[in-house]
Amino acid sequence: MARIRFDRLPTERPNPRSRALDRLGPAAIARLMNRADHDVIRAVGRAAPAIGRAVTAIVERLGTGGRLIFVGAGTSGRLGVIEAAECPPTFNTSPGQVQAVMAGGRGAVFRSVEGSEDDARAGAHAMQRRARRGDAVVGIAASGVTTFVRAALAEARKRGALTVLVTCNPQVPRVAAGMVIALRVGPEVLAGSTRLKAGTATKMVLNMLTTASMIRIGKTYGNLMVDVQMGSEKLRDRARRIITIVTGLDYDAADELLRRAHWNVKAAIVMQRRSLTFPQSLARLRRAHDFVRDAIGEDAETRLKELLEVS
């Protein structure tokens, strides 16, 4: 295997704009970092078409029972863990529907496990145990050359999974994965510290991949989080407010409706809009493949727009 020339990676090059970084005061450092972060917004914007294509492919897998699996090492791996952990409370996904694999195992989430990113055998083994045909595996590697991630993607591809690579190295060959999302963020303010611009850009892309995919499989109604879990009073309050927006009921009536719907926001909306019982609303949602808009009828878009404008 050819030796990787790390000095040639975009993520390792010194940034000429921050040569005097150690001579700057705190506020000047903050301003410099903020200016550098403008590169992130532009880079992610340029990648929107590739992100959209990846979302379409991920939705196809999720729609047929596949899982979304993030794979990474170091900062990239931790970002995948965060994304997977946020999906169940936000979108009421099952724990296995969105997963994360971290080089070095669970302990590496909290403490760096040096050398784990170079373990190709561990990356391949992780996918042998986890990936299957119909899954979507998203590798995350700022440099694009992380051995653990590249081996995991290669093994996942062999097993019939969709493979996507999110990287901040535009020079990565397109054969590295079935789909490549390459972000041209430029060198870091602190040379090689990819937890900075690269990490921010990666987090933005992962947000887009999960949020857009969940929207496309019916986890929202308009811009409302109708599949949210009810694990806290804040979330129950959010559910009541969603019901008031969609149905026009007052807060107390929304609470009573949600209790009759066993705190199922989707079912509550269908119950009120179609004058159905809780079991009938669940059956209607099943027929509509869990899309609220389809379950309550074709006039839903106009109705939602009217209510949102009033609120």
Side-chain angles (χ1 to χ4, degrees), residues 50-72 77 79-102 106 123-140 149 151-166 177-181 205-221 224-231 262-267 269-270 278-279 281-296:
I51 295 167
R53 289 190 291 271
V55 167
T56 298
I58 290 168
V59 168
E60 289 175 0
R61 273 68 180 182
L62 293 176
T64 55
R67 290 93 46 84
L68 174 57
I69 304 170
F70 294 110
V71 183
L79 290 171
V81 170
I82 291 170
E83 204 65 33
E86 292 289 352
C87 283
T90 306
F91 300 110
N92 202 22
T93 60
S94 63
Q97 190 174 19
V98 184
Q99 306 178 23
V101 174
M102 177 80 185
R106 289 176 178 268
H125 183 62
M127 292 301 100
Q128 289 167 5
R129 290 188 295 109
R130 200 174 297 233
R132 63 193 185 203
R133 181 173 297 278
D135 286 341
V137 176
V138 177
I140 313 165
V149 175
L153 288 173
E155 182 62 32
R157 203 171 189 177
K158 284 182 191 175
R159 302 178 72 80
L162 166 75
T163 56
V164 180
L165 175 62
V166 179
M179 308 180 83
V180 176
I181 300 172
V205 171
L206 299 188
N207 282 347
M208 293 173 184
L209 291 177
T210 56
T211 303
S213 295
M214 294 301 155
I215 290 168
R216 299 296 292 173
I217 64 172
K219 294 289 186 178
T220 64
Y221 176 44
L224 301 174
M225 201 184 299
V226 291
D227 231 342
V228 65
Q229 286 185 355
M230 300 300 156
H262 304 274
W263 290 96
N264 182 322
V265 176
K266 286 183 170 182
I269 293 170
V270 177
F278 177 61
S281 70
L282 291 180
R284 194 176 181 102
L285 280 163
R286 281 195 296 271
R287 289 195 298 272
H289 304 289
D290 221 28
F291 281 79
V292 173
R293 190 179 299 282
D294 294 340
I296 62 179

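This one's a predicted model, so the numbers in the text were calculated from it and none came from an experiment.
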Subject >> Smallest separation among heavy atoms of Ala100 and Gly80, with atom names >> reply: CB-O, 3.6 Å
Original post:
Does the side chain of Leu162 come within less than 4.5 Å of Met179's, by heavy atoms?
Top reply: yes
Original post:
CZ of Arg284 to NZ of Lys266: how many Å apart, nearest 0.5 Å?
Top reply: 15.0 Å
**OP:** Taking Gln229 for its side chain and Pro88 for its backbone only, find out whether a donor-acceptor pair lies under 3.5 Å.
**Re:** yes
Subject >> Asn207 backbone acceptor or donor facing Thr210 side chain under 3.5 Å >> reply: yes
Original post:
So, for Ile181 and Ala54, which heavy atoms are closest and what is the spacing to 0.1 Å?
Top reply: CD1-CB, 4.0 Å
Subject >> Passing option when Arg67 is tested against Val98, Thr93, Asp135, Leu62 for side-chain contact (heavy atoms from CB on, under 4.5 Å) >> reply: Asp135
**OP:** Begin from the C-alpha positions of Arg293 and Ile296 and carry the test side chain to side chain contact (heavy atoms under 4.5 Å, CB included) through to its verdict.
**Re:** CA-CA 6 Å; Arg293 190 179 299 282; Ile296 62 179; 5.5 Å; no
Subject >> CA sep, side-chain torsions, deciding dist, call: Leu165, Val149, side chain to side chain contact (heavy atoms under 4.5 Å, CB included) >> reply: CA-CA 9 Å; Leu165 175 62; Val149 175; 4.3 Å; yes
Subject >> Over all atoms of both residues, closest heavy-atom pair of Ile58 and Ser213 >> reply: CG2-OG, 3.6 Å
**OP:** Report the distance from atom CD of Gln97 to atom CG of Asn92, rounding to the nearest 0.5 Å.
**Re:** 9.5 Å
Original post:
Where is the tightest heavy-atom contact between Gly96 and Gln99, given as atom of each residue plus distance?
Top reply: O-NE2, 2.8 Å
**OP:** Starting from the C-alpha separation in whole Å, work towards a yes-or-no answer on side chain to side chain contact (heavy atoms under 4.5 Å, CB included) for Asn264 and Phe278.
**Re:** CA-CA 9 Å; Asn264 182 322; Phe278 177 61; 4.3 Å; yes
Subject >> side chain to side chain contact (heavy atoms under 4.5 Å, CB included) involving Ala152 - partner list, sequence neighbours excluded >> reply: Val71, Met127
Original post:
Which heavy-atom pair separates Val228 from Pro89 by the least distance, and what is that distance?
Top reply: CG2-O, 3.4 Å
Original post:
Could you state the interatomic distance from OG1 (Thr220) to CG (Asp227), rounded to the nearest 0.5 Å?
Top reply: 9.0 Å
Original post:
So, for Gly139 and Leu153, which heavy atoms are closest and what is the spacing to 0.1 Å?
Top reply: N-CD2, 3.7 Å
Original post:
Tell me, do Arg61 and Leu68 make a side-chain contact under 4.5 Å, heavy atoms counted?
Top reply: no
Original post:
Would you call Thr90 and Met225 a side-chain contact if the rule is heavy atoms closer than 4.5 Å?
Top reply: yes
Subject >> Partners passing ring pair (Phe, Tyr, Trp, His ring centres under 6.0 Å) against His289 (at least two apart in sequence or in another chain) >> reply: none
Subject >> Thr163 side chain to Gly178 backbone, donor-acceptor under 3.5 Å >> reply: yes
Original post:
Just wondering, are more than 12 heavy atoms of other shown residues or ligands nearer than 6.0 Å to CZ in Arg159?
Top reply: yes
Subject >> Derivation and outcome, side chain to side chain contact (heavy atoms under 4.5 Å, CB included), residues Leu224 and Val265 >> reply: CA-CA 10 Å; Leu224 301 174; Val265 176; over 6 Å; no
**OP:** With sequence neighbours excluded, give me every salt bridge (Lys or Arg N to Asp or Glu O under 4.0 Å) pair touching residues 85-94.
**Re:** none
